[in-house]
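Positions are given from 1, in the same order as the sequence printed here.
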Amino acid sequence: MRKLEFDYEMRLSFSSPVTEHRFQLRCVPATGPRQQIVDTQVVLDPDAPVETSVDSFDSIVITGYIPQPHATFGYHVTGLAFVDTEHVKPEPVKPLYRFESSLTMPGPEIAALSSRCAARIARLGPDSSPSAKAAEVMDEVFHAFTYAPGSTTVRTTAEQALTQGSGVCQDYAHVMLAACRRLGLSARYIAGLLNGEGATHAWVEVYENGRWIGLDPTHDRMVDDGYITIAHGRDYRDCMLDIGTFSGSNVDQRQWVNASVHEQKL
């Protein structure tokens with residue numbers, strides 16, 4: 001088990017003031033089978049009344065509305081996470097994690113990668129575990145990509161990212177999800193924080209013996225106690241940390257994000 005202090009901040013800057021701003025945030029880690037979250041604080045700027053709920057994927061959802069003009073919008077989340085990957089609590093699986101989602105629909109490139117993965121998995125033998133099979137997929141995905149920030153967008157599909165052979169953690173995760181599901185594994189997308197990184201991160205979990213096991217294809221390694229889960233779902237669209245609508249004329253927006261995770265002694 002590790003005790004992690006997290007500090008996550010996002011800020012939007014608008015080229016001109018906006019009004020009628022409705023927002024939905026999934027920015028707060030929730031207590032779950034591998035982590036306990038305490039001492040959480042959320043600060044909005046500008047401040048606004050909000051409602052907090054839990055969605056069908058057990059993610060914490062904060063919704064709010066800012067009617068008055070404002071040129072910036074942001075949130076700041078802090079807290080402590082006690083993470084214990086070795087003793088993950090069991091939970092039921094949802095059948096939807098075995099099927100393709102909007103950003104993981106396979107095409108020729110995914111099919112070819114899946115065939116290579118199937119050949120590697122066959123060499124493991126008939127009694128190999130889902131996590132062992134997923135580790136073969138993870139390694140194949142890792143070597144199929146060049147990490148290149150700015151080469152994809154939040155709308156890029158797994159097939160598109162794999163075709164160009166470059167992307168970011170979101171794309172690595174989507175390609176791995178597509179291949180795992182094609183090979184019969186239940187797999188889900190995770191959005192969260194990683195010890196020492198300056199931004200949010202994405203990885204994959206596969207279902208094994210009643211528990212979800214994490215794998216990080218961007219780094220080609222199993223998830224350990226340095227990872228904090230914020231949200232999970234079928235793909236990125238179920239885990240968008242911030243989304244909203246507003247009124248304004250010819251408004252451009254820029255986003256700044258900073259995330260830090262540091263270990264504290266137990």
Side-chain angles (χ1 to χ4, degrees), residues 1-4 6 26-40 52-61 79-101 104 117 121 124-139 141 169 173-174 176-195 200-239 241 261 263 266:
M1 176 186 287
R2 297 173 71 178
K3 178 183 179 183
L4 304 176
F6 60 89
R26 287 176 176 81
C27 60
V28 179
T31 292
R34 60 177 291 274
Q35 65 186 27
Q36 181 178 3
I37 308 298
V38 299
D39 297 339
T40 303
T52 301
S53 60
V54 177
D55 68 13
S56 59
F57 298 101
D58 299 322
S59 300
I60 296 174
V61 182
L80 294 173
F82 293 85
V83 185
D84 190 354
T85 304
E86 186 176 352
H87 301 98
V88 178
K89 297 177 182 178
E91 59 181 311
V93 66
K94 296 179 179 179
L96 58 85
Y97 291 123
R98 295 181 65 91
F99 302 103
E100 296 91 352
S101 55
T104 65
C117 293
I121 289 171
L124 296 177
D127 297 325
S128 59
S129 66
S131 61
K133 295 176 182 178
E136 297 295 321
V137 178
M138 175 175 66
D139 185 68
V141 171
C169 57
H174 282 156
M176 183 173 173
L177 287 172
C180 283
R181 291 167 180 168
R182 188 176 177 89
L183 294 167
L185 299 172
S186 293
R188 66 185 186 183
Y189 182 100
I190 306 294
L193 305 170
L194 175 58
N195 188 23
T200 55
H201 193 48
W203 60 94
V204 171
E205 287 182 345
V206 296
Y207 197 69
E208 176 179 300
N209 297 328
R211 293 171 172 82
W212 287 100
I213 308 300
L215 304 95
D216 182 354
T218 307
H219 297 100
D220 199 18
R221 67 190 184 197
M222 302 299 292
V223 166
D224 60 20
D225 292 349
Y227 291 72
I228 300 174
T229 298
I230 295 179
H232 66 259
R234 294 164 295 182
D235 58 30
Y236 167 80
R237 292 186 179 181
D238 291 332
C239 306
L241 301 188
V261 177
E263 184 174 5
L266 290 169

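For NZ of K89, the number of neighbouring non-hydrogen atoms (other residues, nucleotides, ligands) closer than 6.0 Å is 12 at most.
Side-chain atoms of T31 come within 3.5 Å of backbone N or O of I37 as a donor-acceptor pair. A donor-acceptor distance shorter than 3.5 angstrom exists from the side chain of Q35 to the backbone of A30, with no hydrogens or angles considered. Between the side chain of H87 and the backbone N or O of M1 there is no donor-acceptor pair closer than 3.5 Å.
Using a 30° and 60° split on the angle between ring planes, H201 and H219 fall in the tilted class, from 30° to 60°.
Between atom CE of residue M176 and atom CG of residue D139 there is a gap of 10.0 Å, rounded to the nearest 0.5 Å. One distance of note links NZ of K3 with CG of D84; it measures 15.0 Å at 0.5 Å rounding. Put simply, CD on E205 and CD1 on I213 are 8.0 Å apart, with the number rounded to the nearest 0.5 Å. Expressed to the nearest 0.5 Å, how far NZ of K94 lies from OG of S186 amounts to 12.5 Å. Note that SG of C169 and CD1 of I190 are 12.5 Å apart. Values are rounded to the nearest 0.5 Å. The distance from atom CG of D225 to atom CG of N195, rounded to the nearest 0.5 Å, is 10.5 Å.
Side chains of L177 and Y189 form a contact here, defined as non-hydrogen atoms less than 4.5 Å apart. A heavy-atom distance below 4.5 Å is found between the side chains of F6 and P29. A 4.5 Å side-chain heavy-atom check between L96 and F57 finds at least one atom pair inside the cut-off. In this structure, V28 and I230 have side chains that are not in contact, with every pair of non-hydrogen atoms separated by 4.5 Å or more. In this structure, W203 and T229 have side chains that are in contact, with non-hydrogen atoms separated by less than 4.5 Å. Counting only heavy atoms from C-beta outward, the side chains of T85 and M222 never approach each other to under 4.5 Å. Between K133 and V206, every side-chain heavy-atom pair lies at or beyond the 4.5 Å cut-off. Two residues are said to be in side-chain contact when any heavy atoms from C-beta on lie closer than 4.5 Å; Y227 and R34 meet this criterion.
Residues S128 and L124 share a closest heavy-atom pair of CB-CB, 3.7 Å. Taking all atoms of both residues into account, the shortest heavy-atom contact from V204 to A187 is CG1-CB, 4.2 Å. When every heavy atom of P90 is checked against every heavy atom of R211, the shortest pair comes out as CD-NH2, 3.5 Å. Here the closest heavy-atom approach between residue C117 and residue L183 is recorded as CB-CD1, 3.7 Å. Between P217 and V141, the shortest heavy-atom distance links the atoms CB-CG1, 4.3 Å. Summarising the geometry of C239 relative to A191, their closest heavy-atom pair is CB-CB, 4.0 Å, with the distance given to 0.1 Å.
Side-chain polar atoms of R181 and S101 form a donor-acceptor pair below 3.5 angstrom.
For R188 and D238, the salt-bridge test fails: no basic side-chain N is under 4.0 Å from an acidic carboxylate O.
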After noting the C-alpha distance and the side-chain angles of V88 and W212, does the key distance pass the side chain to side chain contact (heavy atoms under 4.5 Å, CB included) rule?
-> CA-CA 8 Å; V88 178; W212 287 100; 5.7 Å; no
